[in-house]
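Note on naming: letters A, B, ... go to the chains in the order of the sequence lines (proteins, then strands), and numbering restarts at 1 for each one. When reading the values below, keep in mind they use all heavy atoms of this one structure, side chains included, and skip hydrogens, waters and symmetry mates. This one's a predicted model, so the numbers in the text were calculated from it and none came from an experiment.
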2 protein chains.
Amino acid sequence: MASPSRPPGRPRSSVDAEVFAATLRTVHELGYTRATVDRIAAAAGIAKTTIYRRWPSKGALVTACLVDAFGPLPLAGRDREEDLAAAVRFGARRIAEPGVAAAFAGVFTDAIGDPGLREILSTQLQDPYRQVLTEVLGLSEQRVLFFIDVVIGTLLHRMGMTGEPMVESDVDALIQMLQRELR
Amino acid sequence: MASPSRPPGRPRSSVDAEVFAATLRTVHELGYTRATVDRIAAAAGIAKTTIYRRWPSKGALVTACLVDAFGPLPLAGRDREEDLAAAVRFGARRIAEPGVAAAFAGVFTDAIGDPGLREILSTQLQDPYRQVLTEVLGLSEQRVLFFIDVVIGTLLHRMGMTGEPMVESDVDALIQMLQRELR
DNA sequence: CGGTATCGATACTAGTCGTAGCGAAACCCG
DNA sequence: CGGGTTTCGCTACGACTAGTATCGATACCG
């Protein structure tokens, strides 16, 4: 049996939540580039070396932060249209949270020329939603990936161009457009 | 009258095209972050200082490069649906060109916390297409901006997540989805 | 109390953006 | 042809950042 007993030595202090919060806060205030690991560590009240003991790079830290910030997709709709609408609104709310869009753009930029980071991004962040949505919406995986591209891409492009989240009426239009694709 | 005569002194050498080409090439090979201004200048065969005499920052250079790479929108369709399809295919072709998507992501990242750069991005890159499409498609400006978010955002998200351009069948699906919105 | 692994702090390397200063080169005009 | 003006290439530089190395101190287990 694999022993589930704790390994010897000083245990890791449970500061992941503080680090994630400090990361989003710093990225929100300064942007991805100027959100240095030094500043994030200071904002979290820990040493920079502690961060590098847990995440191999700034990009991996921010990706983990995004995974934590998005969390599981709450789906309790009565039909596919309701679930789709809930998923879009979920994405819109998350991307509107301070720092999330900036973190996303930064990770995309870093992921170019860093296949490992892109792999993490695709596997850790996108795949869970792809799986759930494939099941709930009853669509092919290709179709679900297309939907994710449309939803997240549209919301991020609006944030990148204007610096403001998409207004609710446009989110409604996005939902309607995709719901028509279900029929 | 404003005299159109050439100002005194040594004229600027016409190397903008070489610089743009070198920028895209370098960003394609190394990604936005590692595409340093030094390397771009070397690839273009000029000095780094010459670049900084013409563009105030790396972000402004890459934005100008994108404006040049996209160019005017060729619209010769017989109706709105054809023009919309042509516009989407135009965007898909441009974003699939080597380096363009990486440059886009990098500029978005830099534009956060640099309102001047975001202004350039919105004015120089998005506004021309917004104007043309507003006229050709006969939609409100808000609606056209929504369309641009969907098209460019979707295509960029696919490139950011997979590193590969969107396949043609998905581009077709994108066109059909938006054409339905015209009715 | 001894063993082990983490923590904080500091220092360091390698690399990056953007600027300054200089002599040389290119163009215009008289 | 020569003087005036501006850009060019080159080198050097200051400020900042990602990521690594090191070391004493600390927390937990048996």
Side-chain donor or acceptor of [X] under 3.5 Å from a matching atom on the base of [N]?
X	N	value
Lys58(A)	dG19(D)	no
Arg53(B)	dG9(D)	yes
Lys48(A)	dG19(D)	yes

*Quick one: on DNA chain D, does Pro7(B) or Thr33(A) contact a more 5' nucleotide (nearest heavy atom)?*
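Looking at the nearest nucleotide for each, Pro7(B) comes out on the 5' side.
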N/O (side chain, [X]) to phosphate O (OP1/OP2, [N]) under 4.0 Å:
X	N	value
Arg34(B)	dG15(C)	no
Arg39(B)	dC17(C)	no
Arg10(A)	dG8(C)	no

*asked:* Regarding Thr49(A), tell me which of base, sugar-phosphate or nothing describes its non-hydrogen contacts under 4.0 Å with the strands shown.
replied: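 Since a base atom lies under 4.0 Å of Thr49(A), the category is base.
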*Are the side chain of Arg158(A) and the backbone of Asp170(A) linked by a donor-acceptor contact shorter than 3.5 Å?*
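No, the answer is negative, given that no donor and acceptor are paired below the 3.5 Å cut-off.
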*May I ask you to decide if Gly59(B)'s main-chain N or O and Thr63(B)'s side chain share a donor-acceptor pair within less than 3.5 Å?*
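Side chain of Thr63(B) to backbone of Gly59(B), a donor-acceptor pair under 3.5 Å: yes, one is there.
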Grab the [atom1]-[atom2] distance between [X] and [N] for me, whole Å please.
X	N	atom1	atom2	value
Asp38(B)	dC13(D)	CG	P	16 Å
Trp55(A)	dT20(D)	CH2	P	15 Å
Tyr32(B)	dT16(C)	OH	P	14 Å
Ile46(B)	dA24(C)	CD1	C1'	17 Å
Ile51(B)	dC8(D)	CD1	P	11 Å
Leu61(A)	dT17(D)	CG	C1'	15 Å
Asp114(B)	dC17(C)	CG	C1'	13 Å

*Do other residues, nucleotides or ligands put more than 12 heavy atoms under 6.0 Å from the CD atom of Glu82(B)?*
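Atom CD in Glu82(B) is packed in, count exceeds 12.
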What's the closest nucleotide to the side chain of [X] if the choices are [options]?
X	options	value
Tyr52(A)	dT20(D), dC10(D), dG8(C)	dT20(D)
Pro8(A)	dA5(C), dA18(D), dG18(C)	dA5(C)
Ser13(A)	dG18(C), dT7(D), dC7(C)	dC7(C)

*When the ring planes of Trp55(B) and Phe20(B) are compared, do they come out parallel, tilted or perpendicular, using 30° and 60° as the limits?*
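Ring orientation of Trp55(B) relative to Phe20(B): tilted.
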*For the pair Glu29(B) and Arg34(B), find out whether any cationic side-chain nitrogen is under 4.0 Å from an anionic carboxylate oxygen.*
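Not counted as a salt bridge, because no side-chain N and carboxylate O are separated by less than 4.0 Å.
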*Using heavy atoms to find the nearest nucleotide of DNA chain C for Arg12(A) and Gly9(B) separately, return the residue whose nucleotide is more 5′.*
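Result of the comparison: Arg12(A).
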